[in-house]
Amino acid sequence: MKKKKYIAVTVQPKARPASKPKPKVTPSTPTDIEYQQLFDTCVITKEKVAEVDKVIDEKVLINRPRYEQIATQVQGAGTNFGLPMPSVLGGTNFFQPRNFYQTPVPQQALPSQPGPLQFPGLLQRSMSTWGRSNPFNLGFTALQPDFLFSASGRIPWFFIACVHYLECSFNFSKHLHNGDPLTGYTVQVPAGRPKVGHPPPFTFEESAVDALKFMKFDKVRQWTLPFILRKLEAYNGFGYFKYKKINSPYLWSFSGHYTKGKYVKDGKFDKDAVSQQMGSAVILKRMEERGLIYIPRF
């Protein structure tokens, strides 16, 4: 009797379920390069230039000493962050406000050879280009304090001015945290501030120092343009960029980067509403155009 030939049964592997494509990650904020490009290509609406200048002259520059005092208190009075600034600038007092309408600093004041306060490569070329368009004819020497502090840890005074504008509309009787009145603790987020060791009322300066430390800005060691713009936009949220694909009016209103579209209340967006408030980036752009400040790009 012949044995039956054994034939092995082939087991077919189970079909694997089709893998789902990974969801595309949407960036929540512009990149550093995008912020820099937006700022460098920003063109202020011609009809709004005078209005922007008025705010700069009557609200920003006139209050610069108060903003500088706050920046000094946040970091600790008397510090120079390890920079030999008194020697290289002949004992210049960095916390003394400068009058930009006095006799301009001559361009000859700049050293002809690279020195400790000149910067090679791209930055040097950038500063040279900026200087040629500087209507105040201010040499880089006049702006070195702002530049060096921005690059080494001290909160730029003009950043504090912009936060004051966004949160309080330049009102010195309100908390820098969120615009609540200084007659009591903050009610809106963050609530219960400032923590300064005494009950209300509070001074603007002591509350502002508390607000900036609460945001950990005293820990920042490099205040570059993209960082400054991102932090300013964060005060009102990134909903415009993330959900509506438009530039935030809180930065770019009064410029060619913004036309219309506005959150008229929390969670309610009106595509036809136009912001009547100038953007904080526009203020900084105009100040740089006028030679009042220079913000490091990197």
Side-chain angles (χ1 to χ4, degrees), residues 25-45 48 52 55-56 59-60 67 71 150 155-170 174-179 188-190 208 211-271 273-289 293-298:
V25 178
T26 303
S28 58
T29 72
T31 65
D32 285 2
I33 293 177
E34 288 173 330
Y35 270 126
Q36 180 173 323
Q37 289 176 339
L38 283 168
F39 190 84
D40 289 341
T41 60
C42 175
V43 178
I44 302 173
T45 305
K48 298 293 187 179
V52 177
V55 166
I56 291 172
K59 300 293 186 179
V60 178
Y67 299 136
S150 297
I155 301 176
W157 67 272
F158 45 82
F159 174 80
I160 300 175
C162 285
V163 174
H164 190 207
Y165 168 60
L166 292 174
E167 293 298 308
C168 311
S169 299
F170 293 117
K174 296 183 177 181
H175 288 289
L176 193 67
H177 305 74
N178 52 27
Q188 304 177 78
V189 178
L212 295 168
K213 287 187 174 182
F214 179 80
M215 296 295 290
K216 300 188 184 303
F217 288 146
D218 57 323
K219 308 298 183 184
V220 177
R221 287 295 171 262
Q222 194 169 16
W223 288 85
T224 61
L225 175 66
F227 180 84
I228 288 173
L229 296 181
R230 182 173 288 108
K231 291 305 179 182
L232 288 176
E233 187 167 356
Y235 269 89
N236 291 100
F238 297 98
Y240 290 99
F241 175 84
K242 190 172 182 178
Y243 303 116
K244 303 304 176 183
K245 310 303 180 187
I246 66 173
N247 296 318
S248 171
Y250 291 99
L251 288 183
W252 306 109
S253 181
F254 287 24
S255 81
H257 289 328
Y258 170 79
T259 304
K260 62 179 181 178
K262 189 179 187 306
Y263 283 97
V264 292
K265 59 175 64 174
D266 289 346
K268 183 174 178 57
F269 181 79
D270 185 338
K271 64 182 179 62
V274 179
S275 175
Q276 302 302 312
Q277 183 183 39
M278 69 184 67
S280 55
V282 168
I283 294 175
L284 295 177
K285 176 69 175 185
R286 183 58 181 159
M287 290 177 71
E288 193 171 275
E289 286 179 346
I293 60 172
Y294 177 78
I295 308 174
R297 287 350 189 218
F298 53 88

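Nothing here was measured: the structure is a model prediction, and the numbers come from that model. For reference, positions follow the sequence shown, starting with 1.
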* Asked: Closest heavy-atom contact between Pro226 and Arg297?
  -> CD-O, 3.6 Å

* Got Ile155 and Tyr67 here, is their nearest side-chain heavy-atom distance under 4.5 Å? -> no

* Asked: Can you find a heavy atom in the side chain of Val274 that is under 4.5 Å from one in the side chain of Lys262?
  -> no

* Do Tyr243 and Phe269 have ring centroids that are under 6.0 Å from one another? -> no

* **Phe158 versus Met287, closest heavy-atom pair with distance** => CB-CE, 4.5 Å

* Is a donor on one side and an acceptor on the other found under 3.5 Å between the side chain of Glu288 and the backbone of Ile295? -> yes

* Just by modelled atom types, is the Met278 backbone N or O under 3.5 Å from a matching donor or acceptor in the Tyr165 side chain? -> yes

* Residue pair Ile44 / Glu289, side-chain heavy-atom distance below 4.5 Å -> yes

* To do: Using the six-membered ring wherever Trp is involved, compare the ring planes of Trp223 and Phe159 and label them parallel, tilted or perpendicular (cut-offs 30° and 60°).
  => tilted

* Can the ring centroids of Tyr240 and Tyr263 be said to lie less than 6.0 angstrom from one another? -> yes

* Lys285 (side chain) donor-acceptor with Phe39 (main chain) under 3.5 angstrom -> yes

* To do: Might you point out which heavy atoms bring Val52 and Ile283 nearest each other, and give the distance in Å?
  => CG1-CA, 4.4 Å

* **Close side-chain approach of Leu229 and Leu38, heavy atoms under 4.5 Å** => no

* Backbone N/O of Gln276 and side chain of Ser253: donor-acceptor pair under 3.5 Å -> no

* Asked: Hey, are the side chains of Ser248 and Asn236 touching, using non-hydrogen atoms and a 4.5 Å cut-off?
  -> no

* Identify the two heavy atoms, one from Ser280 and one from Leu251, that lie closest to each other, and give their separation to 0.1 Å. => OG-CD2, 3.3 Å

* Distance (rounded to the nearest 0.5 Å) between Leu284 CG and Leu225 CG -> 8.0 Å

* To do: Kindly write out the residues that satisfy ring-ring contact (aromatic ring centres under 6.0 Å, His included) with Tyr235, not counting sequence neighbours, or none if the list is empty.
  => none

* Min side-chain heavy-atom separation Thr29-Glu233 under 4.5 Å -> no

* Full working for salt bridge (Lys or Arg N to Asp or Glu O under 4.0 Å) between Arg230 and Asp32 -> CA-CA 9 Å; Arg230 182 173 288 108; Asp32 285 2; 3.0 Å; yes

* Under 3.5 Å, side chain of Lys245 to main-chain N/O of Lys242, donor-acceptor pair present? -> yes

* Without swapping roles, check the side chain of Thr45 against the backbone of Phe254 for a donor-acceptor pair under 3.5 Å. => yes

* Give the minimum heavy-atom separation between Val282 and Ser255, together with the two atoms involved. => CG2-CB, 3.8 Å

* Determine whether Val163 and Leu212 make a side-chain contact, defined as any pair of heavy atoms from C-beta on separated by less than 4.5 Å. => no

* Set of residues satisfying ring-ring contact (aromatic ring centres under 6.0 Å, His included) with respect to Tyr258, sequence neighbours excluded -> none

* Structure fact -> Closest non-hydrogen atoms of Thr41 and Gln37, given as atom of the first, atom of the second and distance, are OG1-O, 2.6 Å

* Donor-acceptor pair, Asn247 side chain versus Trp252 backbone, under 3.5 Å? -> no

